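The block underneath contains the structure these notes are about, expressed in structure tokens.
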Amino acid sequence: MAALTNDTSSMRLAVALVDREASPRGLALADAPAGRFLCTAAVEHFDRRDREWWPFVRLPALYLAPSAIDALVEGAREVLRGAAPGFSWRPGQGVPIALQLGAAEGVPGILVEVGMDLGPWLAEMVGGAPGGEACLFRFAAARAELVRFADALAAEAREVPPK
């Protein structure tokens, strides 16, 4: 699991690449030639009483193209190198998570904004149309945390080969 923890170690974005989809009958998938990743994502808080991480919001299963994972890792590294002042990541049409990274005045380290669209699941529960029910989490993270997050995500992507 790759985790991007805030500067007070009280909140984090956790992304876990769980499995990799096989290409159907050996054919390449349109948006992911090597098979999409099945992953989970959550924004969690650290409960100091029981010393455990607990989710504020955990998204149901997400399917991400390998290129989306590569783009996230490379975008984070560009921000760290100073090659870009910030980076916005949206892994694909209909994928209910987005991430923005960058420097902000008065914020030490990196400002992290995680957006999660809960509309599709809420609409399914109540039988209505999605209405854009989103949550935004914003926190500051040390540059070293962003390095760890990008490295962990890249390593996980290498360790979950296509079937």
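As the structure is a computational prediction, the values presented were derived from the model and not from experiment.
- Cluster annotation: M116 and V95 are assigned to the same hydrophobic cluster (Ile/Leu/Val/Met/Phe/Trp/Tyr, side-chain heavy-atom contacts under 4.5 Å, transitive).
- A continuous path of ILVMFWY side-chain contacts below 4.5 Å connects V15 to V147, so both sit in one hydrophobic cluster.
- The shortest side-chain heavy-atom distance between E156 and C39 does not fall under the 4.5 Å cut-off.
- Ionic pairing of R20 and E159 is not present here: no N-O contact between side-chain nitrogen and carboxylate oxygen is shorter than 4.0 angstrom.
- Panel note: side chain N6, backbone S10; a donor-acceptor pair is recorded below 3.5 Å.
- With V112 as the partner, the side-chain contact (heavy atoms from CB on, under 4.5 Å) test is satisfied by one option alone out of V107, L99, L146: L99.
- The structure places CG of L111 at 5.0 Å from CD of E113, a figure rounded to the nearest 0.5 Å.
- The main-chain N or O of L80 is found under 3.5 Å from a side-chain atom of R143 such that the two form a donor-acceptor pair.
- Minimum interatomic distance between W53 and T5 (heavy atoms only, all atoms of both residues): CH2-CG2, 4.0 Å.
- Taking every heavy atom of both residues into account, A157 and I69 meet most closely at CB-CG2, 4.1 Å.
- Hydrophobic clustering places F137 together with F87 (ILVMFWY residues linked when any side-chain heavy atoms are closer than 4.5 Å, directly or through intermediates).
- Side-chain contact between F46 and S9 is absent, with no heavy atoms from C-beta onward closer than 4.5 Å.
- Counting only heavy atoms from C-beta outward, the side chains of F37 and E21 never approach each other to under 4.5 Å.
- L13 is not connected to M1 by any chain of hydrophobic side-chain contacts under 4.5 Å among Ile, Leu, Val, Met, Phe, Trp and Tyr, and they are in different clusters.
- Between R77 and D151, at least one side-chain nitrogen of the basic residue sits less than 4.0 Å from a carboxylate oxygen of the acidic one, meeting the salt-bridge criterion.
- Rounding to the nearest 0.5 angstrom, the gap separating the CD1 atom in I110 from the CG atom in D7 is 11.5 Å.
- In this structure, A61 and L38 approach most closely via the heavy-atom pair CB-CD1, 3.5 Å.
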* M11 and V43: CA distance, side-chain angles, deciding distance, side-chain contact (heavy atoms from CB on, under 4.5 Å) verdict -> CA-CA 7 Å; M11 186 167 49; V43 174; 4.0 Å; yes

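- To the nearest 0.5 Å, atoms CG (D117) and CZ (R90) are separated by 8.0 Å.
- Considering only heavy atoms from C-beta on, P91 comes within 4.5 Å of I97 through its side chain.
- Between R58 and E44, at least one side-chain nitrogen of the basic residue sits less than 4.0 Å from a carboxylate oxygen of the acidic one, meeting the salt-bridge criterion.
- The same ILVMFWY cluster, assembled from side-chain heavy atoms under 4.5 Å apart, contains both V57 and F139.
- The two residues D19 and V160 come nearest to each other via the heavy atoms C-CG1, 3.5 Å.
- Here the closest non-hydrogen pair linking L59 and P96 is CD1-O, 3.8 Å.
- The closest donor-acceptor contact from the side chain of W89 to the backbone of V73 lies at 3.5 Å or more, if one exists at all.
- Closest of all the heavy-atom pairs between E145 and A3 is OE1-O, 4.2 Å.
- In this structure, R81 places its CZ atom where more than 12 heavy-atom neighbours from other residues, nucleotides or ligands lie under 6.0 Å away.
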